[in-house]
There are 2 protein chains.
Amino acid sequence: MANIKETSVIQENKSNAFAACPVTFVVERIGGYWKPIILFNLLTGTKRYHELRKSVPGITEKVLIQQLKQLEADHLVTRISKPVVPPYVTYELSSQGKALRPILLAMAEWAVGHGGEQSAQFEKQLADFPGEE
Amino acid sequence: MANIKETSVIQENKSNAFAACPVTFVVERIGGYWKPIILFNLLTGTKRYHELRKSVPGITEKVLIQQLKQLEADHLVTRISKPVVPPYVTYELSSQGKALRPILLAMAEWAVGHGGEQSAQFEKQLADFPGEE
DNA sequence: ACAAGTACTTACCCAATGGTATGTTCAACT
DNA sequence: AGTTGAACATACCATTGGGTAAGTACTTGT
């Protein structure tokens, strides 16, 4: 988990919700704006840092690294670093991470059905939805 | 959507990501800590305000109302108010909201498989997963 | 010497979400 | 008159998420 003040009321309230609900268990791990799209992009397979940065429009380096660290801490993503210079680092979904695919797929399916004017675009992406069937 | 400063850089960065990804389209609507658990609780059917408040441990009134307003604005939740006193208000999933069930179910399934010591508890809740099959 | 490539880190500040306390409305009840 | 019930609203503050700018490390190339 991220570095959060553990004694804050906000965290306590969230802990109460957390204990009760499988949905919240997942949201604690993949929630927020950027994690789902990062995970989605990693469904296509291993990516180097700069590949990932390019495939997630609008994300800053700081936030990308931050999110990747959190995903790694939760064992959803595996970071592999070669001992070379320039640095050579790749990120890939762990087995736990890959198991998230049905969630992301369900999301994409919902987007196709309810995306309004973007549905056609989403439908194309659904046809080529990355990762194993 | 919530009342957000529309010209901020944060929003602009998120807009860039938004245009590209069905997953992000969904996260824009059900993202954050509290929305998924609220939606999950509404899967069981129509609920009055105080019922909802009780079924989401740790949420403050302010946040609950705020989140419900956002969910209503995105047409995922329907709020029905009777013209009586004391006030009598119910919330239920719209058809769009009900269509989110597979996402929440996929989450619960993932939690069962990866919830560690809580998996047994989650499995019980999965067996009784609310809403239509 | 300087620039480039790669993958980060840190400091400071702003944006967004969430918490606490107080208040509103109106009818019914004590 | 004061209290209760139900569903909120508002003001102000706290916490968390995100952005910008500058920097780090080390090798290689110009």
Side-chain angles (χ1 to χ4, degrees), chain A residues 1-18 24 27-28 30-38 46-54 56-72 77 79-91, chain B residues 1-18 24 27-28 30-38 46-54 56-72 77 79-91:
Chain A
M1 283 295 278
N3 297 324
I4 300 172
K5 182 176 176 182
E6 297 194 359
T7 55
S8 78
V9 174
I10 292 180
Q11 291 311 312
E12 190 176 335
N13 283 348
K14 288 183 173 178
S15 293
N16 289 335
F18 171 76
T24 304
V27 170
E28 288 254 355
I30 72 167
Y33 191 83
W34 298 107
K35 280 179 188 152
I37 187 172
I38 291 169
T46 302
K47 276 189 159 64
R48 293 192 59 185
Y49 169 77
H50 77 271
E51 282 180 287
L52 210 42
R53 200 183 65 213
K54 280 191 303 183
V56 184
I59 198 167
T60 62
E61 298 203 287
K62 178 202 172 181
V63 170
L64 176 56
I65 288 159
Q66 201 172 49
Q67 303 293 316
L68 284 169
K69 280 193 169 186
Q70 289 171 21
L71 290 168
E72 194 188 354
V77 164
R79 177 181 176 277
I80 300 166
S81 170
K82 286 186 183 174
V84 296
V85 170
Y88 188 105
V89 176
T90 57
Y91 294 89
Chain B
M1 284 294 283
N3 297 323
I4 299 173
K5 184 177 178 182
E6 296 196 359
T7 55
S8 78
V9 173
I10 293 181
Q11 291 312 313
E12 190 178 333
N13 283 347
K14 288 184 174 178
S15 292
N16 288 334
F18 171 77
T24 303
V27 170
E28 287 256 353
I30 71 167
Y33 191 82
W34 298 107
K35 281 178 187 147
I37 186 172
I38 292 169
T46 302
K47 276 187 157 69
R48 293 192 60 183
Y49 169 76
H50 78 270
E51 282 181 288
L52 211 38
R53 202 184 62 210
K54 278 191 305 183
V56 184
I59 198 167
T60 62
E61 298 203 291
K62 179 205 172 182
V63 169
L64 177 56
I65 289 160
Q66 198 172 54
Q67 303 294 316
L68 285 168
K69 277 195 170 184
Q70 288 172 22
L71 290 168
E72 192 187 355
V77 165
R79 174 181 178 279
I80 299 166
S81 170
K82 285 186 181 173
V84 296
V85 172
Y88 189 103
V89 175
T90 57
Y91 293 91

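Computed from a predicted structure; not experimentally measured. Only this structure's heavy atoms are used, side chains among them; waters, hydrogens and symmetry mates stay out. All chains are named by letter (A, B, ...) in the order of the sequence lines, taking the proteins before the strands, and each is independently numbered beginning at 1.
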Undergrad: Base, sugar-phosphate alone, or nothing: which one does Gln67(B) contact when heavy atoms must sit under 4.0 Å apart?
TA: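 Touches sugar-phosphate only.
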Undergrad: Does Lys82(A) reach a base, just sugar-phosphate, or nothing at all? Heavy atoms under 4.0 Å.
TA: nothing
Undergrad: For the pair Tyr91(B) (side chain) and Leu68(B) (backbone), establish whether a donor and an acceptor sit closer than 3.5 Å, ignoring hydrogens and angles.
TA: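 Checking the backbone N and O of Leu68(B) against the side chain of Tyr91(B), no donor-acceptor pair under 3.5 Å is found.
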Undergrad: Determine: side-chain N/O of Tyr91(A) to OP1/OP2 of dC8(C), distance under 4.0 Å, yes or no.
TA: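 For Tyr91(A), the contact criterion (side-chain N or O under 4.0 Å from OP1 or OP2 of dC8(C)) is met.
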Undergrad: Could you state the CG-C1' distance from Leu71(A) to dG17(D), rounded to the nearest angstrom?
TA: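 One finds 15 Å between C1' of dG17(D) and CG of Leu71(A), rounded.
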Undergrad: What is the separation between atom NZ on Lys62(A) and atom P on dA22(D), rounded to the nearest whole Å?
TA: 16 Å
Undergrad: Consider only side-chain N and O atoms of Glu61(A) and Tyr49(A), and report whether a donor and an acceptor are under 3.5 Å apart.
TA: yes
Undergrad: What's the spacing between Gln70(A) CD and Glu28(A) CD if we round to 0.5 Å?
TA: 11.0 Å
Undergrad: If every non-hydrogen atom of Pro36(A) is compared with every non-hydrogen atom of Val27(B), which pair is closest and at what distance?
TA: CG-CG2, 3.5 Å
Undergrad: Taking OP1 and OP2 of dG18(C), is either one under 4.0 Å from a side-chain nitrogen or oxygen of Thr60(B)?
TA: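 Indeed not, no polar side-chain atom of Thr60(B) lies that close.
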Undergrad: State whether Arg79(A) places a side-chain N or O below 4.0 Å from either non-bridging phosphate oxygen (OP1 or OP2) of dC8(C).
TA: yes
Undergrad: On DNA chain D, compare the nucleotides closest to Arg48(B) and Lys69(B); which residue's is nearer the 5' end?
TA: Arg48(B)
Undergrad: Grab the CD-P distance between Gln70(A) and dC8(C) for me, whole Å please.
TA: 15 Å
Undergrad: How long is the line joining CD of Glu28(B) and P of dT17(C), in whole Å?
TA: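 The answer, rounded to whole Å, is 10 Å.
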Undergrad: For the atom pair CZ (Arg79(A)) and CD1 (Ile65(A)), what is the distance rounded to the nearest 0.5 Å?
TA: 9.5 Å
Undergrad: Think Gln66(A) has a side-chain N or O under 4.0 angstrom from the OP1 or OP2 of dC8(C)?
TA: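 For dC8(C), OP1/OP2 do not have a side-chain N/O of Gln66(A) under 4.0 Å.
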Undergrad: Taking only N and O in the side chain of Asn13(B), is any of them less than 4.0 Å away from OP1 or OP2 of dG18(D)?
TA: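 For dG18(D), OP1/OP2 do not have a side-chain N/O of Asn13(B) under 4.0 Å.
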Undergrad: At less than 4.0 Å, is any side-chain N or O atom of His50(B) found next to OP1 or OP2 of dA7(D)? Yes or no.
TA: yes
Undergrad: Roughly how far, to the nearest 0.5 Å, is the NZ atom of Lys82(A) from the CZ atom of Arg48(A)?
TA: 8.0 Å
Undergrad: How would you summarise protein contacts on nucleotides 24-30 of chain D per nucleotide, using B for base, S for sugar-phosphate only and - for none, with heavy-atom distances below 4.0 Å?
TA: --BS---
Undergrad: Which whole-number value in Å describes the distance from Tyr49(A) OH to dT9(C) C1'?
TA: 11 Å
Undergrad: Rounded to whole Å, how long is the line connecting atom CD of Glu51(A) with atom P of dC8(C)?
TA: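 Checked: the CD to P distance equals 13 Å.
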Undergrad: Rounded at 0.5 Å granularity, tell me how far CG in Asn13(B) sits from CH2 in Trp34(A).
TA: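 Asn13(B) CG to Trp34(A) CH2: 5.5 Å, rounded to 0.5 Å.
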Undergrad: Applying a 4.0 Å non-hydrogen cut-off, can you work out what Ile65(B) is touching in the nucleic acid: base, sugar-phosphate, or nothing?
TA: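 Since a base atom lies under 4.0 Å of Ile65(B), the category is base.
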Undergrad: Return the value, rounded to whole Å, for the distance between atom CD1 of Ile59(B) and atom P of dG18(C).
TA: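 Between P of dG18(C) and CD1 of Ile59(B): 8 Å.
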Undergrad: Measure the distance from CD1 on Ile10(B) to C1' on dT20(D) and round it to the nearest whole Å.
TA: 11 Å
Undergrad: As an exercise, state the distance from OG1 of Thr60(A) to CZ of Arg53(A), rounded to the nearest 0.5 Å.
TA: 10.5 Å
